[in-house]
Amino acid sequence: MTHDPTCLFCRIVAGDIPANVIWQDDHTLVFADVHPQAPTHWLVIPKTHVQNLSAVDNLEMFAQVGHAIQAVTAAHNLTDYRTVTNNGAAAGQSVFHWHTHILAGRPLLWPPG
Ligand code: AMP
């Protein structure tokens, strides 16, 4: 497992920075976003460091993250939710450890801003 000590989300995985953990398994962590944009706003991350979706180089990691999204939403009876990945600074990525936002609990407009 790759750990980058300068990465905020790696430090959350390591337990150096506190987080409200919603779900986890050996590969994936789901925790609450500190600046929620909806009543439910969680972040799904691989426990190993990878800077964004474009940098993922194994299919297993996509499956692990997809499984985590299914498992955490099912555990919380969430059927209607949005997943968002900002890939790159111009797309809104501010933390460079791949994460998928899960948003729910209010009407979600389309197209997004
Ligand atoms: P993005 O802009 O797509 O890279 O999303 C990064 C997200 O991380 C933002 O929604 C932030 O609110 C969230 N965030 C930043 N620091 C923390 C933290 N310590 N714990 C939980 N979420 C965080």
Side-chain angles (χ1 to χ4, degrees):
M1 189 164 307
T2 308
H3 173 80
D4 176 352
T6 68
C7 167
L8 175 65
F9 288 174
C10 283
R11 296 181 68 200
I12 286 176
V13 170
D16 296 339
I17 292 176
N20 178 7
V21 173
I22 310 297
W23 184 95
Q24 65 179 313
D25 65 9
D26 288 348
H27 310 287
T28 313
L29 183 69
V30 183
F31 58 97
D33 196 295
V34 278
H35 296 120
Q37 302 301 313
T40 296
H41 187 174
W42 300 330
L43 300 172
V44 184
I45 66 167
K47 289 187 173 180
T48 192
H49 184 78
V50 60
Q51 76 165 12
N52 58 27
L53 186 152
S54 292
V56 176
D57 63 1
N58 72 86
L59 290 176
E60 213 172 337
M61 187 179 286
F62 285 116
Q64 289 160 351
V65 167
H67 168 70
I69 293 168
Q70 280 193 340
V72 74
T73 54
H76 290 264
N77 297 312
L78 276 185
T79 55
D80 294 41
Y81 56 88
R82 179 173 293 169
T83 60
V84 175
T85 294
N86 298 321
N87 194 82
Q93 186 175 7
S94 60
V95 178
F96 288 84
H97 180 129
W98 178 34
H99 51 281
T100 302
H101 300 255
I102 296 177
L103 297 149
R106 66 166 171 82
L108 295 163
L109 303 180
W110 194 263

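Start at 1 and go down the list; that is how both ligands and their atoms are numbered. FYI, the numbering just counts along the sequence from 1.
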Check: residues 49-61 side-chain donor-acceptor pairs under 3.5 Å, at least two apart:
unit_1: His49; atom_1: ND1; unit_2: His97; atom_2: ND1; d: 3.3
unit_1: Asn52; atom_1: OD1; unit_2: Ser54; atom_2: N; d: 3.2
unit_1: Asn52; atom_1: OD1; unit_2: Ala55; atom_2: N; d: 3.2
unit_1: Ser54; atom_1: OG; unit_2: Asn87; atom_2: ND2; d: 2.9
unit_1: Asn58; atom_1: OD1; unit_2: Glu60; atom_2: N; d: 3.3
unit_1: Asn58; atom_1: OD1; unit_2: Met61; atom_2: N; d: 2.9

For this session: Write out the protein residues near ligand 1, meaning a non-hydrogen atom under 4.0 Å from one of its atoms, in order of chain and number.
Result: Leu8, Phe9, Ile12, Phe31, Ala32, Asp33, Val34, His35, Leu43, Asn86, Gly92, Gln93, Ser94, Val95, His99, His101
If you look only at distance, which donor and acceptor atoms sit under 3.5 Å apart when one is on a side chain in residues 64-77 and the other is two or more places apart or in another chain?
unit_1: Gln64; atom_1: NE2; unit_2: His27; atom_2: ND1; d: 3.4
unit_1: Thr73; atom_1: OG1; unit_2: Ile69; atom_2: O; d: 2.7
unit_1: Thr73; atom_1: OG1; unit_2: Gln70; atom_2: O; d: 3.1

Exercise. Linking I/L/V/M/F/W/Y whenever their side-chain heavy atoms sit closer than 4.5 Å, directly or via other members, would Val21 and Val13 fall into one cluster?
Worked result: yes
Exercise. When rounded to the nearest 0.5 angstrom, what is the spacing between CG in Asp16 and CG in Leu8?
Worked result: 10.5 Å
Exercise. Does Arg82 reach the main-chain N or O of His101 with its side chain, forming a donor-acceptor pair under 3.5 Å?
Worked result: no
Seminar exercise, completed: side chain to side chain donor-acceptor pair (under 3.5 Å) filter on Thr48, not counting sequence neighbours, yields none
